[in-house]
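Encoded as structure tokens, the structure appears first; notes follow it.
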Amino acid sequence: MLTITKEFRFDAAHKLFLKDLTDQENREAFGKCSQLHGHTYCLRITITGKVQPNGMVLNFTDLKQIVEEKIIARYDHSHLNELEEYRDLPTTAENMSLYIFKVLAACLKKQKVTLTEVQLYETPTSWATVSHDA
């Protein structure tokens, strides 16, 4: 098996909070991130599969189309807290990575490849990783 990785970027705003907490409790729990702010996210998608007769696991163009259609188009320049998938969840890199993995794993299975890993960088030094065997 061979893995390939494609990187994407998107800009989005969010704030970290839990509905059941007061503003003060959210500030205590999440600090300055309890205020509306934005990030330029870096998303890395790694897939595994057999090398096909064309020499590719999956054409990078096909991978790009899937990720842009299912994730980037939805997340880029959005207020993440307003998305249905985060109605009851804080928009942490961890929760976002888990959701992205779930969505893309199903789509990529149809392409006869396995989603191996999703890495979502909130900043260049802070990220969450979800892997296939997690």
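For clarity, every value in this text was computed on a predicted model and none was experimentally measured.
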| Hphob cluster co-occupancy, Leu2 + Met56, side-chain heavy atoms under 4.5 angstrom | no
| query | Residues in side chain to side chain donor-acceptor pair (under 3.5 Å) with Ser34, at least two apart? | reply | none
| task | To the nearest 0.5 angstrom, please state how far the CD1 atom of Ile100 sits from the CZ atom of Arg74. | result | 11.0 Å
| said: Show every ring-ring contact (aromatic ring centres under 6.0 Å, His included) that has at least one partner inside residues 53-78, sequence neighbours left out. | reply: Phe10-Tyr75
| query | What's the spacing between Ser97 OG and Glu122 CD if we round to 0.5 Å? | reply | 9.5 Å
| note | Taken to the nearest 0.5 Å, the spacing of Leu89 CG from Thr91 OG1 works out to 9.5 Å
| request: Could you note down all residue pairs passing ring-ring contact (aromatic ring centres under 6.0 Å, His included) where residues 13-38 supplies at least one of them, sequence neighbours left out? | output: His14-His37, His14-His39, His37-His39
| Between Leu58 and Leu108, is any pair of side-chain heavy atoms under 4.5 Å apart? | yes
| query | Nearest 0.5 Å, what's the OG1-CD distance between Thr129 and Gln119? | reply | 4.0 Å
| CG on Leu63 to CG on Leu104, rounded to 0.5 Å | 8.0 Å
| message | Looking at Asn54, I'd like to know if its CG atom is crowded, meaning that more than 12 non-hydrogen atoms belonging to other residues, nucleotides or ligands lie closer than 6.0 Å. | response | yes
| request: Could you give me the CA-CA distance, side-chain angles and deciding distance for Phe101 and Val118, then say whether side chain to side chain contact (heavy atoms under 4.5 Å, CB included) is met? | output: CA-CA 6 Å; Phe101 193 97; Val118 167; 3.6 Å; yes
| task | For residues Lys109 and Thr114, determine if any side-chain heavy atom of one lies less than 4.5 Å from a side-chain heavy atom of the other. | result | no
| field | Shortest non-hydrogen separation from Ala105 to Leu115 and the atoms involved | value | N-CD2, 3.6 Å
| Residue pairs, two or more places apart or on separate chains, that pass side chain to side chain donor-acceptor pair (under 3.5 Å) and touch residues 60-69 | Asn59-Thr61
Side-chain polar contacts of residues 40-47 - donor-acceptor pairs under 3.5 angstrom, sequence neighbours left out - could you list them?
residue, atom, partner, partner atom, Å
Thr40, OG1, Asp11, OD1, 2.5
Arg44, NE, Glu7, OE1, 2.6
Arg44, NH1, Tyr121, OH, 3.0
Arg44, NH2, Glu7, OE1, 2.9
Thr46, OG1, Thr5, OG1, 2.7

| Is the number of heavy atoms from other residues, nucleotides or ligands under 6.0 Å of Lys70 NZ greater than 12? | no
| Measuring from Arg27:CZ to Lys32:NZ, what's the distance to the nearest 0.5 Å? | 15.0 Å
| task | Report the residues that fulfil side chain to side chain contact (heavy atoms under 4.5 Å, CB included) with Glu94, sequence neighbours left out, ordered by chain and then residue number. | result | Thr92, Ala128
| query | Going only through I, L, V, M, F, W and Y residues with side-chain contacts under 4.5 Å, is there a path from Ile72 to Trp127? | reply | no
| query | Does a side-chain heavy-atom distance below 4.5 Å link Pro90 with Asn95? | reply | yes
| request: Could you tell me whether the side chain of Asn26 and the main chain of Thr22 form a donor-acceptor pair under 3.5 Å? | output: yes
| request: Determine whether Gln52 and Val57 make a side-chain contact, defined as any pair of heavy atoms from C-beta on separated by less than 4.5 Å. | output: no
| message | If we count only N and O atoms by modelled type, under 3.5 Å, do the side chains of Thr116 and Thr48 hold a donor and an acceptor together? | response | yes
| field | Leu80-Leu36 co-clustered via ILVMFWY side chain contacts under 4.5 Å | value | no
| What are the two closest non-hydrogen atoms of Ala93 and Leu120, and how far apart are they? | O-CD2, 4.0 Å
| Do Phe8 and Val67 have side-chain heavy atoms sitting under 4.5 Å apart? | yes
